[in-house]
Participant: 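Quick one: the structure is below, questions incoming.
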Amino acid sequence: MKASELAVGVSVRTNFEDPGLPEGSVGEVETIHDDPSDGVDVRFRDGRLMNVLSLGLDLAPQPGH
């Protein structure tokens with residue numbers, strides 16, 4: 001996903017598999033860093049806060065839609 005498509009509060013889903021974070025994990029964007037190479041901070045449903053590059057994220061269904 002393009003970094004320009006991200007905003008704080010947007011629901012996202014991972015499109016990669018990582019140890020302890022299965023592909024398709026859903027979370028909410030908490031912080032967007034000024035430098036795109038720093039990624040974004042995502043709070044996942046299990047409470048973990050992780051930094052993820054935008055290319056590893058897709059939009060998830062947004063609440064209320």
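Start at 1 with the first residue, then count along the sequence. All values below were derived from every heavy atom in this structure, side-chain atoms included, with hydrogens, water molecules and symmetry-related copies excluded.
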Participant: With a 4.5 Å cut-off on side-chain heavy atoms, are Pro61 and Arg13 touching?
Facilitator: yes
Participant: Report the residue from Val26, Leu57, Val42 that forms a side chain to side chain contact (heavy atoms under 4.5 Å, CB included) with Thr14.
Facilitator: Leu57
Participant: If you draw a 6.0 Å radius around CG in Asp34, do more than 12 non-hydrogen atoms from other residues or ligands fall strictly inside?
Facilitator: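 Open: at most 12 neighbouring heavy atoms sit under 6.0 Å from CG of Asp34.
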Participant: Roughly how far, to the nearest 0.5 Å, is OG of Ser25 from CE of Met50?
Facilitator: 8.5 Å
Participant: Side chains of Thr31 and Leu49: closer than 4.5 Å at any heavy-atom pair?
Facilitator: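 Side chain of Thr31 against side chain of Leu49, heavy atoms only: no contact under 4.5 Å found.
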Participant: Can you name the one residue among Leu55, Leu53, Leu21 that meets side chain to side chain contact (heavy atoms under 4.5 Å, CB included) with Phe16?
Facilitator: Leu21
Participant: Where is the tightest heavy-atom contact between Leu6 and Ser54, given as atom of each residue plus distance?
Facilitator: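 Heavy-atom minimum between the residues: CD1-CB, 3.7 Å.
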